[in-house]
Amino acid sequence: AGIGMRSLWNPNEPVYGEGTREMILNGNYYIPTVNGGIYSDKPIFYFWAMAAGCLLTGGLSEAGLRLPSVISGLFSVLLIYWLGRQIFGIRAGFLSAACLATTVMFWWHSQFIQMDQLLSFLMLSALACFFAAREIPGPRSALMLAASGAFMGLAFLTKGPVGVVIPAAVIGAYLLLLWEPLWIFRREVIWMTGAFLLCAAPWYVSLALTGHQDFLADFFIRHNLERATDPFNHAQPFWYYGPRLFSDLFPWSLFLPAALLVPVRNEMERRGRLFAWVWLGAVFVLFSSAGSKRGVYLLPLYPAAALLVGKLGDEVFSGDAPKWMRTWARWVLWFLGTFLGLAAAGSVAAVAYALVKDQYRAEALGLLPLGLLVGSGAYLLVRFLRAHRLPAAAASVAGTMACVYLYANLGLFPLVDRFKSPVAFCRQVVAVVPPENEIRSFGLWRWDAAYIFYTRRLMPVVRGRQELESYLS
């Protein structure tokens, strides 16, 4: 909701938006360009997806550009419900989907222009198809393996090697732990390999054959190998993802420790739990070992975490969980009730402060509905906990988070957009500078494309003081 109610926000949205604009304008769907220059940071598939989104929404627009992230988020929720249902049952599948949908950073990345949400969906699809082919025997096993390979191929076409390294690592570790590593030599796996190559290889091979080796070298060596081994940006310590795991998966990350000891009822559940933990662990370890780290890189492990928490909720709500596990869930919910209550009080205090200081009054008043939503959620949560109704208490948390996200999209983000949007400035530029006059930029990031996107004008970059003095003279 509201994905078209705000402009493109730096740093990433304008870059991908401008690349798509130039793709549509020039009819060049082969190599992405930004500000007229070849953009070799990322492959082509996400740009195709955004162009398709604009086609579906009637033309170039913020909503169309954000549509791939929205659709990826939606289908991720549906797919994790299906996978959870197959492994643990209907209720666990529903709880897993609810957890994923209301995880704070999953919501955040599902409504911004960022290819990692699409990448995460493709990895989820590849792993879900593999598990279904491997553990749910049927006449369509070969077809599911082919689908798994195809999704890995599209992930490779979306962000490069990581799109196949992560799923392959999960699959390989899972088979090793089952003492069945030779399974990958089964005849059906040929379908997976063939589908992967069919989806991933043509574009990269065509670049190599048409003289675009510089693009491939810059992408594979600088933006993949160097980022992983000797990062030129986003360098973080090895423990960086530890705190991020619990903050980004909030509020359901607080239940993850207890999910480690959920009882196993049958062989399918045993294998499903093992697969989910291997999935979560492989993503966490691989990205922790890389030099370049960003919170968004953890997105591919969110579905695995949701599966584990969904199964925990199923055990607790059914009454079959050990007493300590129900106690853990109750105390976590009490903590969340306290947190929501403090957040509501903080929102009201911020509004009162702004009114007293007579600063940003209109924007601050936008926090009042947020405080009411959060406060109401805290009240319901505490009331259900006092009545020993754990399912209703957990539902109140999920419902509160969903309402907060909806209000943020429809109410808060448009208010913030007044400060972040470059649209008003770009309109003034367009009004002052005739189309025949050149506009140049100086002192901006190479791919700072917000002004380019909203003026609809390419802006050659002035590099260095000497070139600036020469240009001005």
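The analysis underlying the following values was restricted to heavy atoms, covering all of them including side chains, and did not include hydrogens, waters or symmetry mates.
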Rounded to the nearest 0.5 Å, the CD1 atom of Ile80 sits from the CZ atom of Arg85 at a distance of 14.5 Å
Side-chain donor-acceptor pair under 3.5 Å between Tyr30 and Thr210, yes or no?
yes
Give a yes or no on whether Trp191 atom CH2 has more than 12 heavy-atom contacts from other residues, nucleotides or ligands under 6.0 Å away.
no
Return yes if some donor-acceptor pair links the side-chain N/O of Thr103 with the main-chain N/O of Met105 below 3.5 Å, else return no.
no
Does the side chain of Gln117 pick up a donor-acceptor pair with the side chain of Ser110 at under 3.5 Å?
yes
Does the ring of Phe246 carry Arg244 above it, NZ/CZ under 6.0 angstrom from centre and within 45° of its axis?
no
Is the closest side-chain heavy-atom distance between Ile90 and Tyr81 below 4.5 Å?
yes
CZ of Phe238 to OG of Ser288, rounded to nearest 0.5 Å, is 9.0 Å
Heavy-atom nearest pair, Tyr454 first then Pro422, reads CD1-CG, 3.8 Å
Quick one: does Lys293's side chain have a donor or acceptor within less than 3.5 Å of a partner on Ala290's backbone?
yes
Under the ring pair (Phe, Tyr, Trp, His ring centres under 6.0 Å) rule, what do Phe250 and Phe339 come out as? Steps first, then yes or no, please.
CA-CA 12 Å; Phe250 186 84; Phe339 175 84; 5.0 Å; yes
Between Trp107 (side chain) and Ala402 (backbone), is there a donor-acceptor pair under 3.5 Å?
no
Asn266 side chain to Met268 backbone, donor-acceptor under 3.5 Å:
yes
Would you say Asn28 has more than 12 foreign heavy atoms packed within less than 6.0 Å of its CG?
yes
Close aromatic pair by centroid cut-off 6.0 Å: Phe130 and Trp279:
no
Hey, are the side chains of Pro32 and Ile44 touching, using non-hydrogen atoms and a 4.5 Å cut-off?
yes
Any idea how Tyr46 and Tyr16 line up, ring-wise: parallel (<30°), tilted (30 to 60°), or perpendicular (>60°)?
perpendicular
Determine whether more than 12 heavy atoms belonging to other residues, nucleotides or ligands lie under 6.0 Å from atom OH of Tyr451.
no
What are the two closest non-hydrogen atoms of Ala128 and Leu83, and how far apart are they?
CB-CD2, 4.2 Å
Salt bridge or not between Glu269 and Arg273? Use side-chain N to carboxylate O under 4.0 Å.
no
Classify the side-chain pair Gln114/Arg66 by whether it contains a donor and acceptor separated by less than 3.5 Å.
no
Classify the ring geometry between Phe112 and Trp9 as parallel (under 30°), tilted (30 to 60°) or perpendicular (over 60°).
tilted
With distance as the sole criterion, is a donor-acceptor pair present between the side chains of Tyr302 and Ser76 under 3.5 Å?
no
SB check Arg21 Glu62 (cutoff 4.0 Å)
no
Cys54 vs Ile24 side-chain heavy atoms within contact, under 4.5 Å:
yes
Between Ser120 and Leu299, is there a donor-acceptor pair closer than 3.5 Å when you use the side chain of the first and the backbone of the second?
yes
Taking Ser396 for the side chain and Ala393 for the main chain, is one N or O donor matched with an acceptor at less than 3.5 Å?
yes
Stepwise salt bridge (charged side-chain N to carboxylate O under 4.0 Å, His left out) check, Glu22 with Arg457
CA-CA 10 Å; Glu22 293 181 25; Arg457 306 270 290 273; over 6 Å; no
Between CG on residue Leu340 and CZ on residue Phe335, distance to nearest 0.5 Å:
9.5 Å
Nearest heavy atoms of Leu124 and Pro303, plus distance in Å:
CD1-CB, 3.9 Å
Counting only heavy atoms not in Trp82, do more than 12 sit closer than 6.0 Å to its CH2 atom?
yes
Worked check of side chain to side chain contact (heavy atoms under 4.5 Å, CB included) between Asp248 and Phe106
CA-CA 8 Å; Asp248 292 5; Phe106 181 83; over 6 Å; no
I'd like to know if the side chain of Ser148 and the backbone of Met144 have a donor-acceptor N/O pair within less than 3.5 Å.
no
If you compare all heavy atoms of Thr57 against all heavy atoms of Gly64, which two are closest, and at what distance to 0.1 Å?
OG1-CA, 3.3 Å
Kindly determine whether Val164 and Phe151 satisfy side chain to side chain contact (heavy atoms under 4.5 Å, CB included), including the steps that lead there.
CA-CA 9 Å; Val164 66; Phe151 284 121; over 6 Å; no
Phe215-Trp203 aromatic ring centre distance below 6.0 Å
yes
For atom CH2 of Trp179, decide whether the heavy atoms of other residues, nucleotides or ligands shown that lie under 6.0 angstrom number more than 12.
no
What's the spacing between Met123 CE and Thr158 OG1 if we round to 0.5 Å?
9.0 Å
Does some side-chain heavy atom of Val374 sit less than 4.5 Å from a side-chain heavy atom of Val404?
yes
Taken to the nearest 0.5 Å, the spacing of Leu209 CG from Leu207 CG works out to 9.0 Å
Take atom OH of Tyr29 as the centre, draw a 6.0 Å sphere, and report whether it contains more than 12 heavy atoms from other residues, nucleotides or ligands.
yes
Quick one, Met459 and Arg440 - any side-chain contact, counting heavy atoms below 4.5 Å?
no
Between Phe131 and Tyr174, how do the two ring planes meet: parallel, tilted or perpendicular, split at 30° and 60°?
tilted
Roughly how far apart are Ser72 OG and Leu122 CG, rounded to 0.5 Å?
6.5 Å
Here the pair of heavy atoms bringing Pro251 nearest to Leu336 is CB-CD2, 3.8 Å
For residues Trp48 and Thr20, is any side-chain donor paired with an opposing acceptor at under 3.5 Å?
no
Quick check: are there more than 12 heavy atoms from other residues, nucleotides or ligands sitting under 6.0 Å from CZ of Phe94?
no
N/O donor-acceptor pair under 3.5 Å between Asp116 side chain and Leu119 backbone
no
Verdict with supporting geometry, Leu312 and Leu308, side chain to side chain contact (heavy atoms under 4.5 Å, CB included)
CA-CA 6 Å; Leu312 171 68; Leu308 295 166; over 6 Å; no
Kindly give the heavy-atom pair with the smallest separation between Glu18 and Ala449, and that separation in Å.
CB-CB, 3.8 Å
Between Phe220 and Tyr204, does a ring pair (Phe, Tyr, Trp, His ring centres under 6.0 Å) hold up when you go through it step by step?
CA-CA 11 Å; Phe220 283 110; Tyr204 289 103; 5.5 Å; yes
Ignoring hydrogens and angles, tell me if any N or O in the side chain of Ser421 forms a donor-acceptor pair with the backbone of Ser7 under 3.5 Å.
no
Are the side chain of Arg6 and the backbone of Ile3 linked by a donor-acceptor contact shorter than 3.5 Å?
no
Tell me, do Leu60 and Leu65 make a side-chain contact under 4.5 Å, heavy atoms counted?
yes
Is any side-chain N of the basic residue among Glu315 and Arg91 closer than 4.0 Å to the acidic one's carboxylate O?
no
Let's go through Trp252 and Val397 carefully: what are the C-alpha distance in whole Å and the side-chain angles of both, what is the deciding distance for side chain to side chain contact (heavy atoms under 4.5 Å, CB included) to 0.1 Å, and is it a yes or a no?
CA-CA 10 Å; Trp252 311 113; Val397 174; 3.9 Å; yes
